[in-house]
Every structure is written in C-alpha cells, then in structure tokens.
Number of protein chains: 2
Amino acid sequence: MSVIAVINHIREIRRKKGITQIKMAEDLQVTRQTMNAIEKNKYNPSLELALKIIAYFEMPIEQVFILEEEDDE
Amino acid sequence: MSVIAVINHIREIRRKKGITQIKMAEDLQVTRQTMNAIEKNKYNPSLELALKIIAYFEMPIEQVFILEEEDDE
DNA sequence: AAACAACGTAAAGATATCTTTACATATAGT
DNA sequence: ACTATATGTAAAGATATCTTTACGTTGTTT
C-alpha cells in the first residue's frame, strides 16, 4: 500500500528568517498552538492558511509544501 | 469588516481541458460530490487535494486558487 | 535563584472537509 | 419516447482543522 501525504518545511524557513512561532501566529491570525501543530506535521493547514503562509514567506508553494508518496504508512 | 476567502477556477480549467467532473473525481480519488462542491465554492479543498489538483492540471497554484480579500461578507 | 520568552502538549469543543446513499434535472443520441 | 451521460443537491455520519484554556519544559538573562 502507498499513502499520499503533505509535509512542510515551515520550521526551517521560519527559523532562517528569524521569526518566532508566536510572531508568525499573530501575523497570520492563528493561535501559536495551530502553528506548532502544523510545523510538527500533526495536521495540514487548510488551503486558506497554506496560501497565507506562502504569501507570508514570499516563496513558491513547492518550496514550502511537498506532496509525497510514502510506502505503507 | 473584511473577510479573506479562497476562490478557484477549477470549473473553467476542467472544461477547457475537456474533462468531466466524474473523470476528474476518479483520477483524483475523491467523489464527484466533492469535486462538485469545490467547483461551486461550497467549501475549499484540503491542502492535499489542492496540491493534487494543481499537479493534475499542471498549472501554478495562482492560476487555480486565489486568496481574496472581500468586504463585509 | 528568579523571571522571562519561546516552545511543547493535551483535552474539550466548534466548524470544515469529505464520504455514502439517494434522488433529481438537463442534454444529447437512438 | 427511451436511454445514457453529466451535473446538482441534500442529509447523515466520519475525520480533519482550529480555538480556548491550561500546564509543562527549556534556555537565557539578571
């Protein structure tokens, strides 16, 4: 069996930009728990939040979110 | 008040490509009711489904999904 | 050591996304 | 008129996304 999953590089990008989870959550108008859960891949952001994130980072979506094919997970 | 909303151009793109809702739903492994609801902007796709859709169309995300700022809706 | 900032996490509840089943409408072809 | 294909829609239920509240850990600074 194979499973499709989305992973993200938010944490690395955020840190590279020197932004805290708290500030980013405030800027994007979500709670820091939400940002934390998304960074730790506990669940995916909604499309709306994902679009806000790539706009916030000013980066193409492929550099932030990856649609991955995994095996047996 | 202002509201952020995501709209999409899936229907136009799909028709331009001559694909039916039914075939697209099968190819993307969702129900046609889901594709119908998304096309009619009843709700947004998940990020995972959105990424599958732009891969399916082979188009950049900005040409399919638009993050819009609306007034008082 | 005490204080502070950033991050981790958990549980309960609200709303959004998606499936299944079912029925209905519209259009085209025979 | 009948059949087939594509699309619209609704209701019930499952799971995902996100908030609120709350408490815990880690590292840094004074």
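The shown structure was predicted, so the numbers you read here are calculated from the model rather than taken from an experiment. Values reported hereafter were calculated over all heavy atoms of this structure, with side chains retained and with hydrogens, waters and symmetry mates removed. Residue numbers start from 1 in every chain, and the chains themselves are labelled A, B, ... in the order their sequence lines are given, proteins ahead of strands.
A straight line from CD of A:Glu48 to C1' of C:dT15 spans 13 Å, rounded to a whole angstrom. The OH atom of A:Tyr43 sits 15 Å away from the P atom of C:dA16 (whole-angstrom rounding). Following rounding to the nearest Å, B:Leu47 (CG) and D:dT15 (P) show an atom-to-atom distance of 21 Å. B:Met35 places its CE atom 11 Å from the P atom of C:dT19, with the value rounded to the nearest Å. Atom C1' of nucleotide C:dC7 and atom CD1 of A:Ile19 are separated by 16 Å, given to the nearest angstrom. Atom CG in A:Leu49 sits about 12 Å away from atom P in C:dT17, given to the nearest Å. In this structure, CZ of A:Arg32 is placed 14 Å from P of D:dC23, rounded to the nearest angstrom. Rounded to whole Å, the distance from CD on A:Gln21 to C1' on C:dT9 is 12 Å.
Using a 4.0 Å heavy-atom distance criterion, A:Thr34 is classed as a base contact. Using a 4.0 Å heavy-atom criterion, one finds that B:Arg15 contacts no nucleic acid atom at all. Residue B:Thr20 is classed as a sugar-phosphate contact, given heavy-atom separations below 4.0 Å to backbone atoms only.
Residues A:Phe57 and A:Ile22 do not share a hydrophobic cluster, clusters being chains of Ile/Leu/Val/Met/Phe/Trp/Tyr side chains in contact below 4.5 Å.
For the 3.5 Å distance criterion, the side chains of A:Gln21 and A:Asn36 qualify, holding a donor opposite an acceptor.
Taking each heavy atom of B:Asp27 and B:Tyr56 in turn, the nearest pair found is OD2-OH, 2.6 Å. Contact between B:Asn44 and B:Val6 at its shortest, heavy atoms only, is OD1-O, 3.4 Å.
When distances are taken from the side chain of B:Ile38 to each of C:dC18, D:dA6, D:dG8, the shortest belongs to C:dC18.
Nearest-nucleotide mapping onto DNA chain D: of B:Ala37 and B:Ser46, the residue sitting toward the 5' end is B:Ala37. Judged by closest nucleotide on DNA chain C, A:Lys40 is the one of B:Lys42 and A:Lys40 placed further toward the 5' end.
Residue B:Arg14 places at least one side-chain N or O closer than 4.0 Å to OP1 or OP2 of D:dT7. Proximity of B:Thr31 to the phosphate of C:dC18: no side-chain N or O atom is located under 4.0 Å from OP1 or OP2. Dashed line: the shortest gap from a side-chain N or O of A:Asn36 to OP1 or OP2 of C:dC7 is not under 4.0 Å.
One donor-acceptor pair, N or O on each side, does fall under 3.5 Å between the base of C:dT21 and the side chain of B:Gln33.
Taking CG of A:Leu51 as the start and CD of B:Glu62 as the end, the distance is 9.0 Å to the nearest 0.5 Å.
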